[in-house]
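Reading through the structure tokens given below for one structure.
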Amino acid sequence: MSDAPTIDADARRREAGEFLRSRRERLVPSDVGLSNGFRRRTPGLRREEVAMLAGVGTTWYTWLEQGRDVKPSNEVLSALSGALQLDPTERRHLFVLHDRPLPDPRSTGVERINEPLRRMLDSLTGQPAYVLGRRWDLLAWNRAAEVVYGPYGRLEGDERNTLHLIFTDPDHRRLLVDWEAVARASLAMFRADYARHTGNPDFTRLIAHLTRQSTEFAQWWPQREVARPLAGQKRVNHPTAGQMLFEYSSLGVGDLPDMKLIVFTPLDDSGKKLEQLLRDRPR
């Protein structure tokens, strides 16, 4: 077995410098609120103008473009991204080239499902699937998810939330054969996501409500267990189809940091049971 290739740090710094230069040269002073002034011999902004906009020294920025061994902080890379008007993909590229962790973005505002994602959900006819938002609210689902887990469309407000279903809805609780294991794992994964939104009033309201309504939630939430999204199996005791077994995966949705697609793949004879449920349940 051959050794893993080593990373050429010099090459990465040179590439990062060339990337900065290319982004600088595509801008003109008026793009960033500066006067065009007299005619320029070279295209784009000057290095001293980028340095001024980002709040760094001109010499230091010059070294950065030259690929010298300087180590910009996350704050400096963010400032340069703003000065050079980088879009999210370009910003991520700059951070990766400098081997810096990209600051975890915090989504705000109304969460919307685009049509390609909705069409993909509908195409998963043999796999229950749904999309969760930042607070684990159910944003969209397919028909297979409804016939297995219940009529999501009839739920309103905080009721249409995964943790609310797990901890306070008796029908949903009866569905889950391994309820305690599922509830504890879900709570730990939710807690990890909650870190980005601590203090958000929508989260605060949901947590307060669950604390009042569920003894288990009130007991486990202060324990502050955290976990990353996991793949695994979930056993369901469906009132019509009986025992069903699914393998589930959690997948990120494009550039949306707080949206995830959950897909359940039926195992053993659960696929046939799902087909029967779909035949028996009218659209």
Side-chain angles (χ1 to χ4, degrees), residues 1-109 111 114 134 189 191-200 226-230 250-261:
M1 180 188 296
S2 61
D3 294 334
T6 58
I7 295 175
D8 188 336
D10 291 337
R12 289 185 69 166
R13 285 195 298 268
R14 288 193 299 272
E15 179 64 24
E18 288 297 317
F19 179 67
L20 285 171
R21 183 178 62 80
S22 70
R23 302 304 92 175
R24 172 173 62 83
E25 290 180 349
R26 73 178 178 178
L27 296 174
V28 296
S30 59
D31 291 333
V32 295
L34 298 176
S35 172
N36 285 320
F38 52 85
R39 185 171 181 177
R40 295 169 181 242
R41 290 178 296 176
T42 56
L45 298 177
R46 296 190 179 94
R47 286 171 174 168
E48 57 266 29
E49 290 170 331
V50 174
M52 178 191 69
L53 291 168
V56 298
T58 300
T59 300
W60 187 88
Y61 176 75
T62 300
W63 289 347
L64 201 60
E65 272 201 14
Q66 291 172 345
R68 296 200 190 186
D69 189 9
V70 292
K71 295 178 173 57
S73 65
N74 280 19
E75 292 75 16
V76 167
L77 292 178
S78 293
L80 288 171
S81 298
L84 294 168
Q85 301 183 359
L86 304 187
D87 65 26
T89 301
E90 292 169 330
R91 184 171 183 266
R92 181 184 301 109
H93 185 63
L94 180 63
F95 274 75
V96 169
L97 286 173
H98 282 285
D99 199 23
R100 300 294 302 176
L102 188 69
D104 203 0
R106 186 179 305 174
S107 63
T108 57
E111 296 175 297
N114 60 35
R134 71 178 75 94
M189 289 184 283
R191 181 119 217 173
D193 289 346
Y194 167 70
R196 293 193 295 275
H197 304 280
T198 302
N200 180 296
V226 293
R228 294 181 61 82
L230 304 173
S250 174
L251 310 170
V253 178
D255 290 330
L256 303 173
D258 294 317
M259 198 177 288
K260 54 181 71 69
L261 170 66

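The analysis underlying the following values was restricted to heavy atoms, covering all of them including side chains, and did not include hydrogens, waters or symmetry mates. Throughout, numbering of the chain's residues begins at 1 and tracks the sequence.
Residues in residues 71-98 take part in these ring-ring contact (aromatic ring centres under 6.0 Å, His included) pairs, two or more places apart or across chains: F19-H93.
For the pair R14 (side chain) and G67 (backbone), a donor-acceptor distance under 3.5 Å is absent. Judged by distance alone, the side chain of R91 and the main-chain N or O of G82 form no donor-acceptor pair under 3.5 Å.
To the nearest 0.5 Å, atom CG of residue L84 and atom CG of residue D31 are 11.0 Å apart. Atom OG of S250 sits about 10.5 Å away from atom CZ of R228, to the nearest 0.5 Å. To the nearest 0.5 Å, atom CD of residue E18 and atom CG of residue L97 are 11.5 Å apart. Remark: R24 CZ to E49 CD distance equals 9.5 Å, nearest 0.5 Å. Within the model, atoms CE of M259 and CG of N114 stand 8.0 Å from one another, a figure rounded to the nearest 0.5 Å. Taken from CZ in R196 to CG in D258, the straight-line distance is 4.0 Å, to the nearest 0.5 Å.
E75 pairs with exactly one of S78, P72, S73 by the side chain to side chain contact (heavy atoms under 4.5 Å, CB included) rule, that one being S73.
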Practice problem: Output, in order, the C-alpha distance, side-chain angles, deciding distance and verdict of side-chain contact (heavy atoms from CB on, under 4.5 Å) for Q85 and V32. | Solution: CA-CA 8 Å; Q85 301 183 359; V32 295; 3.6 Å; yes

Quiz item: Yes or no on side-chain contact (heavy atoms from CB on, under 4.5 Å) for M52 and L45, after CA distance, side-chain angles and deciding distance?
Solution: CA-CA 11 Å; M52 178 191 69; L45 298 177; over 6 Å; no

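In this structure A227 satisfies the side-chain contact (heavy atoms from CB on, under 4.5 Å) test together with A188, M189, sequence neighbours excluded. Residues satisfying the salt bridge (Lys or Arg N to Asp or Glu O under 4.0 Å) criterion with R26, sequence neighbours excluded, are E90. Under the salt bridge (Lys or Arg N to Asp or Glu O under 4.0 Å) criterion, E25 pairs with R21, sequence neighbours left out. The side-chain contact (heavy atoms from CB on, under 4.5 Å) check on A83 picks up L53, A54, with sequence neighbours excluded.
Under the 4.5 Å side-chain criterion, counting only non-hydrogen atoms from C-beta, R13 is not in contact with D99.
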For residues 57-64, which side-chain donor-acceptor pairs fall under 3.5 Å, sequence neighbours excluded?
unit_1: Y61; atom_1: OH; unit_2: E65; atom_2: OE2; d: 2.6
unit_1: T62; atom_1: OG1; unit_2: T58; atom_2: O; d: 2.8

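Closest heavy-atom contact between S81 and L94: OG-CD2, 3.8 Å. Of all the heavy atoms in R134 and E111, the pair that sits closest is N-OE2, 2.7 Å.
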